[in-house]
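Below, all heavy atoms of this structure are taken into account, side chains as well, without hydrogens, waters or symmetry copies. Below, chains carry the letters A, B, ... as their sequence lines are ordered, and counting in each starts from 1.
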Amino acid sequence: MSWKKPKDSARGCSQYNICRGERNYSRFSSSDFSTSLGLEDFSVSDTSGTEEDTDSAVLYGTLRGSVVGLRYYTGIVNNNEMVALQREPSNPYDKNAVKVNNVNGDQVGHIKKELAAALAGIMDNKLALIEGVVPYGAKNAFTMPVQMSFWGREENKEAVLDQLKRHGFKLAPPLKECDFASKWISARAGPSYSAPVHAAVQLTPEQLKSEFDKLFEDLKEDDKTCELEGAEAVATLLLPHQKQALAWMVSRENSNDLPPFWEERSNFYYNTLTNFAEKQRPKNVIGGILADDMGLGKTLTTIALILTNFQDGKPLPVQKIPTVTPLRMTSVFSGTTSIQSVETKYSGDGPSATLIVCPLSVLSNWIDQFEQHIHQNFHVNIYVYYGSDRSRDPSFLSEQDIVLTTYNILATDYGMRGDSPLHKVTWLRIVLDEGHTIRNPNAQQTKAALNLDGHRRWVLTGTPIQNSVKDLWSLISFLKLKPFTDREWWHRTIQRPVTMGAPGGLGRLQSLIRSITLRRTKKSKIKGKPVLELPERKVLIQHITLTEEERQIYQSVKKEGKAAISRFFSEGTVLAHYADILGVLLRLRQLCCHPRLCINTSSSSFSAGDKTPEEVHEMLVNKMKLVLSSGSDEECAVCLESLTVPVITRCAHVFCRPCIFEVIRSEQPNAKCPLCRSELRAEHLVECPLEGEIDSSNEKKSDQEWISSSKINALMHALIELRRDDPTAKCLVVSQFTTFLSLIENPLKESGFAFTRLDGSMAQKKRVEAIQCFQSSQAGSPTVMLLSLKAGGVGLNLTAASRVFLMDPAWNPAAEDQCFDRCHRLGQKHSVVITKFIVKDSVEENMLKIQKKKRELAAGAFATKKPSASEIKQTKINEIKALIDL
DNA sequence: ACCGCCGGGTGCC
DNA sequence: ACCGCCGGGTGCC
């Protein structure tokens, strides 16, 4: 294989310049920041957009109208076929013009002008969504009837009815779309009862997800259970479920089935959802969604696909070893691809390059996996399209076998209209890794991805549905499934029927998903055996007793903090002092680890006092650092999710930036803090300091003489014992406090341990190095990794470790579990033992209790709806009480 | 006849 | 369009 970035083809540990100076967040705009974190859903423009809030739409009623001017257009329509109404304000004859298009987007005619005059205002002001169906008469040469349904928000109904009335129209009561056919046939069959307008069933996200998973529970002996061995070029043996996935993916790339909901009927291809028909055979998706749970090896399977179904349904050919002549040598080492091209290009014409788009956090994982899984006798050109010096030459890119890039680069390039090399190439295959990244249809990344040109299209994601069916549209659209690429048809035929609980809606969704998706969860079974047989995982709790001296410090800080917090309770100002309370708890947690951790924490500023703006700013930044670094996984009280792009208000409450901006926008001019009702102003909001700087203020004390602590002693005792029993055993030492990790470095050095470190402040390149060193099985490679709890994304693979020492408990048990999964995952050969150090009679023990409650809550009925903001507040207050023994 | 009626020309917005 | 509408041709019974 040859790596085109860096330029030489050999590859060493440190040669991926995949980080460059790109991640310079110091002057980030919010959108840069959020997209770089894959949080584009939270961008302000999205939340404030008046775009359809289609979930709350109700059916106002229906109206019969006519479509005229059929003579002049090529679009044809069948009886009962859906049509789209589209405003055409630029029409020179009538500024109210409304076009009528068929499902294919071809114009059929216009709405008659008198009616158009009534509809124009409604459509322009987005008061209602107007959908048409041509009930009959589709063969008419000049005009045809159209049955229109008006959908909108309850509060707009009056305005719409008024507007229609002014033009002499009146809506008929709702008539369910699915009743159309029968209605026209049996028009005299007695009174018609209006169908219920509102959904009978509304699915919660959890129900939806579980419905989704049920789809794949009982895979019969169909194409999804055949197995296919990887081609010779795949260096790794595939597990049974991976061979199944490979077989399925290859068959999807090579088959020529009709896409879902299409039938062949007397020389026509007929869409059963829209009743649209055409002569031309609709193209099937050459690809689909691989939605296996995290950890089942989607990356490996995809690499196997690329190598096994390389071109024209054939695997990657063996590399002919080039006859070594001086001439060739020169060419090879001059960094051009010409010689390789001669040797390895294939008879097939057309595109041969695969584009892989992934979040930055997993880019290095792809690089590793290619390195690991491509057989050394085979040659693959891989180009990492990243960094400011990336090649701008489309023909260079199309000559590669594989081009790897990130969603950000994709979106950035696409933003520079007309100058995106990625968009000038016709790809053989496009793979979107962590495909749910493009969930938001309005995000730049989504638009950029949807506009890529490629034949075979794949989406890899562990969570195809995050919250609602809406999440699926971008993915389906990316797959170029007719007619869903247009959001209107997706919405009318799938999304609304499902969310409104219309009969058959869920069924449609299921058959759609079933036909293009493969999903196995960690619990899925193949021939009675679980897909993943992971070694055992044990969690031990080791209690620590503080020394007399440590206990004294702890008790005095606790006494002081408890007094302050009691005062907040009696004054009823708990929420106003939330950051201060977290500060107290943080200090106690730090004291459980090492007395030196909390020396520097800013002396609490309980008194507001009169301060200069600079001092206020600094105080707020400090408070926010407290909230964030306390590892409490704060939720934003607006969206009830984890904080994304945190900002702090003047009243010291932390929210997601987009959320609080939305509050300010909607409540203007007198917005109030959602938590304490203080005055809220956009210009007073203070942004989050950069990740990695949070703890840096505590750094730089290493010159002091180092002293140990009870916890460190316990750790070292365990490490030394472990080394004695098995000198090659590797372990992770995990803490939320990077300063604590720094302190631990001292005894590790003293006792002669080889160790590495991975924390959030490290550059991408350093991280890759640290991970590779640690994962190496070479003699002398590090046996200990100091790991900060939150470092690294989900892709992080630390399977070399079979022991984990969790130095301090986290608020959120899920964060701990995620951390354990980094070594307890596919590839782990040993049983994993996790040791949690918990100081007796301390805040840590109380945290365990709270964790237990949270676990029970999470395991319990999902059906319970989202708690309200006030319920969350109450829970938090109770937690605080429990934590400090009040 | 400043009407009615006839029949040809014509046709979206 | 096997319509509606327009506007020119025409005109007792």
Exercise for the section: Check whether any side-chain heavy atom of A:I286 sits under 4.5 Å from a side-chain heavy atom of A:L479, and report yes or no. Expected result: no
Fill in the blank from the handout: Contacts of A:E264 meeting salt bridge (charged side-chain N to carboxylate O under 4.0 Å, His left out) (sequence neighbours excluded), chain-then-number -> none
Give me, pair by pair, the N or O atoms of the protein and of nucleotides 10-13 of chain B that are less than 3.5 Å apart, along with how far apart they are.
from: B:dC12; atom 1: OP2; to: A:Y72; atom 2: OH; distance (Å): 2.3
from: B:dC12; atom 1: O2; to: A:H110; atom 2: ND1; distance (Å): 2.8
from: B:dC12; atom 1: N3; to: A:Y73; atom 2: OH; distance (Å): 3.0
from: B:dC13; atom 1: OP1; to: A:K113; atom 2: N; distance (Å): 3.3
from: B:dC13; atom 1: OP2; to: A:K113; atom 2: NZ; distance (Å): 3.3
from: B:dC13; atom 1: O3'; to: A:D94; atom 2: OD2; distance (Å): 2.6
from: B:dC13; atom 1: O2; to: A:N91; atom 2: ND2; distance (Å): 3.1

Handout entry: Between A:Y270 and A:N275, a side-chain donor and acceptor under 3.5 Å
Key = yes
Exercise for the section: Using both distances under 3.5 Å as the test, list the Watson-Crick or G-U wobble partner of C:dG9, or none. Expected result: B:dC5
Handout entry: Cation-pi check, A:R508 onto A:F261 ring (under 6.0 Å, within 45° of axis)
Key = no
Exercise for the section: For nucleotides B:dC3 and B:dG8, find the distance between their P atoms and express it as a whole number of Å. Expected result: 25 Å
Problem - Atom P, compared across B:dG11 and B:dC6: separation rounded to whole Å - result: 25 Å
Exercise for the section: Before accepting this row, confirm whether a basic side-chain N of the pair A:K424/A:D419 lies closer than 4.0 Å to the acidic partner's carboxylate O. Expected result: yes
Problem - CZ on A:R390 to OG1 on A:T412, rounded to 0.5 Å - result: 6.5 Å
Problem - Inter-nucleotide P distance (C:dC5, C:dG9), Å rounded - result: 22 Å
